Amino acid sequence: MRNVVALIPARSGSKGVPHKNIKSLGGHPLIEWSIKGCLKSGLIDRVIVSTDSPEYADLAVNLGAEAPFLRPAEIADDLSTDYDFVLHALDWFASHGGEPEFLVHIRPTTPYRAPALIDEAIEAFRDEPRATALRSVHEMSESAYKTFELAPAGQLKRLGADSTALDAANNARQQFPATYQANGYVDVLSSRFVRSHGLIHGDWVMPFITPAVVEVDTEDDFAHLEFLLARNPRIAHQLFT
């Protein structure tokens, strides 16, 4: 049985950017960036794409990944959860030779990643027996404690504050705790934990802090990523050479 399997979700029904997962970025389909990152990992044994699209599946195979199953439509819509496609994949593994020890959840929407950091995350999770999962995060440029929500009466209030007084939000950022944003760079899951708890992350999630990254959600995000690539061609060289 293989111990470490990368699982790349790539459903076809994106609405913000139609067929986002196969849209060209730097001359390569978006999904290829994630596939190549996993193929260059020294610790990942198999790279599997979970998709509802035969077209995407064929493309994934041509790019060097596996696509041994298609995801049912009922778990490939806007309301489908990560748990849905992870459980579907585990069920397939269970009936095809056994489940891997670890699943490395790689989102195509975070295309710029270093294979060495993928391996570092896997090793870190292996070495922390208390961890129920590992999630990649980067430090937010502005602490979430300086952000706002709306109070019931409609006025602004500081996020999580008991009162609607805002002046403390003007304090220097150094006076607030650092806060972190999940970024899809690399998450590592335990198949055993998912099976036993019906959850993918649980309550002892290990942080894996990465450089700040851009996630793709809009056409403007694609344009920004093209700009970053033009400034730093090494981003592509580490994956495609």
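The structure presented is a predicted model; accordingly, all values stated were derived computationally and were not measured.
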Ser143 side chain to Pro177 backbone, donor-acceptor under 3.5 Å: yes

Side-chain touch Phe148/Leu159, heavy atoms, less than 4.5 angstrom: no

Qualifying residue for side-chain contact (heavy atoms from CB on, under 4.5 Å) with Leu7, from Val47, Leu90, Ile48, Asp82: Ile48

Between His197 and Tyr83, ring centroids under 6.0 Å: no

Transitive ILVMFWY side-chain link Trp92 to Phe85, under 4.5 Å: yes

Under 3.5 Å: donor-acceptor pair, side chain of Glu66, backbone of Val61: no

Test log, rule side chain to side chain contact (heavy atoms under 4.5 Å, CB included), inputs Asp217 and Lys20: CA-CA 8 Å; Asp217 206 34; Lys20 172 175 62 180; 3.8 Å; yes

Least distance between heavy atoms, Arg113 atom then Arg107 atom: NH2-O, 3.0 Å

Atom OH of Tyr145 with >12 non-hydrogen neighbours under 6.0 angstrom: no

Over 12 non-hydrogen atoms of neighbours within 6.0 angstrom of CG in Asp162: no

Distance in Å, His88 NE2 paired with Phe93 CZ, rounded so as to fall on 0.5 Å steps: 11.0 Å

Exam field: side chain Lys157 to backbone Ala161, donor-acceptor pair closer than 3.5 Å: yes

Worked check of side chain to side chain contact (heavy atoms under 4.5 Å, CB included) between Arg126 and Phe102: CA-CA 9 Å; Arg126 280 177 165 170; Phe102 301 117; 3.4 Å; yes

Val205 with Val186, same ILVMFWY side-chain cluster at under 4.5 Å: no

Check: Pro100 and Asn3 side chains under 4.5 Å, non-hydrogen atoms: no

Ile122 reachable from Met206 in the ILVMFWY side-chain graph, under 4.5 Å edges: yes

Separation between CZ of Arg234 and OG1 of Thr241, rounded to the nearest 0.5 Å: 9.5 Å

Asp84 side-chain N/O to Ser80 backbone N/O, donor-acceptor pair under 3.5 Å: no

Point-to-point distance, once rounded to the nearest 0.5 Å, from NZ of Lys146 to CZ of Arg173: 9.5 Å

Within-4.5 Å side-chain heavy-atom neighbours: Ile8 and Ser50: no

For Tyr180, the rest of its hydrophobic cluster, which grows through side-chain links under 4.5 angstrom: Val137, Ile209

Side chain to side chain, Ser190 and Glu101, heavy atoms closer than 4.5 Å: no

Residues clustered with Ile235, ILVMFWY side-chain links under 4.5 angstrom: Val17, Leu25, Leu30, Trp33, Tyr112, Val214, Val216, Phe222, Leu225, Phe227, Leu228, Leu229, Leu239, Phe240

Min side-chain heavy-atom separation Ile22-His19 under 4.5 Å: yes

Criterion side chain to side chain contact (heavy atoms under 4.5 Å, CB included) on Gln155 and Leu150, from CA distance to verdict: CA-CA 6 Å; Gln155 74 271 50; Leu150 295 182; over 6 Å; no

Spatial distance of atom CG (Leu189) from atom CD1 (Ile200) [nearest 0.5 Å]: 5.5 Å

Atom CZ of Arg195 with >12 non-hydrogen neighbours under 6.0 angstrom: yes

Chi angles and distances behind the side chain to side chain contact (heavy atoms under 4.5 Å, CB included) call for Val213, His138: CA-CA 8 Å; Val213 294; His138 61 249; 4.0 Å; yes

Transitive ILVMFWY side-chain link Leu39 to Val104, under 4.5 Å: yes

Distance in Å, His224 NE2 paired with Thr218 OG1, rounded so as to fall on 0.5 Å steps: 10.5 Å

Closest non-hydrogen atom pair between Ala10 and Tyr56, with its separation: O-CD2, 3.2 Å

Residues, nucleotides or ligands: over 12 heavy atoms within 6.0 Å of Asp127 CG: yes

Val49 with Leu70, same ILVMFWY side-chain cluster at under 4.5 Å: no

Thr210-Asn183 side chain donor-acceptor pair, cut-off 3.5 Å: yes

Side-chain touch Asn21/Ser12, heavy atoms, less than 4.5 angstrom: no

CG-CH2 distance between Leu134 and Trp204, expressed to the nearest 0.5 angstrom: 10.0 Å

